[in-house]
Protein chains: 2
Amino acid sequence: MRKISDSTVRRLSLYLRFLEQSLAQGRATISSGELARLGGTTSAQVRKDLSFFGSFGKRGLGYAVPELSAKIQGILGLQRAYRVVLVGAGKMGGALVQYQGFKQRGFNISAIYDQDARKIGSRWNGLVVRDVKLLEGDLKKEPSDIAIVATPGPAAQEVVDRLVRCGVKAILNFAPVPLSVPGDVEVKTVNMALELETLSYALANR
Amino acid sequence: MRKISDSTVRRLSLYLRFLEQSLAQGRATISSGELARLGGTTSAQVRKDLSFFGSFGKRGLGYAVPELSAKIQGILGLQRAYRVVLVGAGKMGGALVQYQGFKQRGFNISAIYDQDARKIGSRWNGLVVRDVKLLEGDLKKEPSDIAIVATPGPAAQEVVDRLVRCGVKAILNFAPVPLSVPGDVEVKTVNMALELETLSYALANR
DNA sequence: TTCTGTGAATAGGTTCACAGCT
DNA sequence: AGCTGTGAACCTATTCACAGAA
């Protein structure tokens with residue numbers, strides 16, 4: 001398949017949210033202009049984004065909300081549920097475990113791991129924190145496609161190496177370090193200090 | 001000043017991290033190639049990024065680590081400390097309050113607000129959670145440039161409107177909704193479900 | 001010789017504009 | 001008439017390639 005830009009994929013995610021809202025409101029169709037307004041972009045952009053994957057609309061009418069919704073779900077690979085393991089039972093891990101947005105989208109955190117004996121065994125949102133030593137054994141029994149890494153920076157790379165050896169193919173990283181992984185593994189790093197710095201740059205330059 | 005792209009600003013943040021690490025290791029100089037390797041980019045990219053702001057290197061030698069560090073700090077507006085208020089004392093708020101990366105960069109969370117009577121008055125990392133009703137009064141006394149919004153989605157826009165009226169000029173948003181603000185206010189939304197969806201897309205398309 | 005700084009070339013993403021359905 | 005789908009034009013970002021300083 002032709003290479004799709006990250007920005008297009010991110011916008012599709014956004015459109016999907018608005019489509020689901022529209023669906024809940026019982027709307028039958030929606031125009032590219034409407035989606036654009038909700039997503040803070042232009043109607044041409046919306047149509048172009050969708051056109052990479054096919055022609056889903058009706059000229060003169062717009063897009064059928066349930067159909068487009070299903071199409072985008074398909075494109076993003078969201079029809080199936082994903083098993084997700086979380087490594088790092090710190091404050092951030094805690095926030096992520098209970099984050100509703102993941103579950104809603106079919107990302108189910110199935111296990112939490114930590115190194116710290118004081119955390120191991122404690123119950124978190126219905127899950128018991130497990131010793132990270134058990135990672136390999138557990139993943140052999142129940143493989144996971146996706147892992148969330150929320151360890152301190154220095155521990156992250158080692159954890160990631162182990163996850164990769166266990167067949168994890170996608171990693172969402174909250175540790176503030178760049179990670180190196182084989183080419184067939186996808187990593188997305190969320191670095192909150194960096195986000196604040198872009199704001200600080202904006203404040204300083206006006 | 002010429003418009004600098006968001007990606008350039010983000011990379012500068014990254015370079016700054018590596019420079020500080022190098023500084024801690026006592027290195028005197030660093031080349032664009034080295035910075036590129038650490039940041040996962042190319043040496044030409046590093047030089048181009050820096051060239052928008054001046055010529056900081058020495059041909060044949062590279063960049064003096066402490067100087068370049070200081071320069072980038074200046075560019076990003078990080079010489080001064082920022083007063084940051086946090087609205088939303090949920091799990092995510094809790095994770096953000098204790099996040100070391102903010103403090104390290106001079107972003108000091110000076111107050112936490114929530115609506116929920118059960119949370120108001122509790123101590124969080126040395127700060128007492130205050131009633132969000134006090135927001136306007138507090139910000140009049142002690143203005144803040146930056147706010148972090150970690151409320152549930154439906155509450156976010158109202159909170160943001162109030163923050164903007166109080167003179168807040170930059171907002172880091174963790175609520176999963178797009179926010180509308182006046183043109184002179186900078187908003188950065190971090191949407192974790194969306195990040196996971198880009199991973200799911202990657203998994204589904206290989 | 002090494003590595004920077006930067007115009008020029010290339011690639012990539014966005015917007016335009018209009019033909020073509022409904 | 002209204003709105004999609006899409007090639008072409010445009011604009012922005014990245015990469016190349018080389019002159020020039022240490």
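Labels below follow one simple rule: chain letters A, B, ... track the order of the sequence lines, proteins then strands, and each chain is numbered from 1.
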B/Y82 and B/F107 aromatic ring geometry - parallel, tilted or perpendicular at 30°/60° bounds: parallel
Find every protein N or O atom lying less than 3.5 Å from an N or O atom of nucleotides 16-18 of chain D, and list the pairs.
{"from": "D/dA17", "atom 1": "N6", "to": "B/R47", "atom 2": "NH2", "distance (Å)": "3.4"}

Closest approach of A/L35 to A/F18 (non-hydrogen atoms, all atoms of both residues): CD2-CB, 4.0 Å
Lys/Arg N to Asp/Glu carboxylate O, A/E67 vs A/K58, below 4.0 Å: no
Atom pair distance, as rounded to whole Å: CZ in A/F52 and P in C/dG12: 12 Å
N/O (side chain, B/S32) to phosphate O (OP1/OP2, C/dT4) under 4.0 Å: yes
Integer-rounded Å distance: D/dT4 C1' and A/E34 CD: 16 Å
Over all atoms of both residues, closest heavy-atom pair of A/I109 and A/L86: CG2-CB, 4.1 Å
Spacing between A/F56 atom CZ and C/dC21 atom P, to the nearest angstrom: 19 Å
Short N-O contact, A/R27 and A/E34, less than 4.0 angstrom: yes
Non-hydrogen atoms of A/R11 and A/D49 that approach each other most closely: NE-OD2, 2.7 Å
Residue pair B/S22 / B/I30: nearest heavy atoms and the distance that separates them: OG-CD1, 3.6 Å
Polar pairs (N or O, both sides) under 3.5 Å between protein and nucleotides 19-22 of chain D?
{"from": "D/dG20", "atom 1": "N3", "to": "B/R59", "atom 2": "NH1", "distance (Å)": "3.3"}
{"from": "D/dA22", "atom 1": "O4'", "to": "B/R59", "atom 2": "O", "distance (Å)": "2.9"}

Check ion pair A/K140-A/E136 (N to O, under 4.0 angstrom): no
Electrostatic pair A/E195:B/R10 at N-O distance under 4.0 angstrom: yes
A/Q45 side-chain N/O to C/dT15 phosphate OP1/OP2 under 4.0 Å: yes
Selection: residues 4-18 of chain B, any non-hydrogen atom under 4.0 Å of DNA chain C: none
Minimum-distance nucleotide to B/S55 side chain [options: D/dG5, C/dG5, C/dT4]: C/dG5
C/dG5 phosphate, OP1 or OP2, under 4.0 Å from B/Y63 side-chain N/O: yes
Atom of A/G88, atom of A/D114 and distance for their closest heavy-atom approach: C-OD2, 3.6 Å
Atom pair distance, as rounded to whole Å: CG in A/L68 and P in D/dC3: 16 Å
Minimum-distance pair of heavy atoms, taken over all atoms of A/D184 and B/R206: O-NH1, 3.4 Å
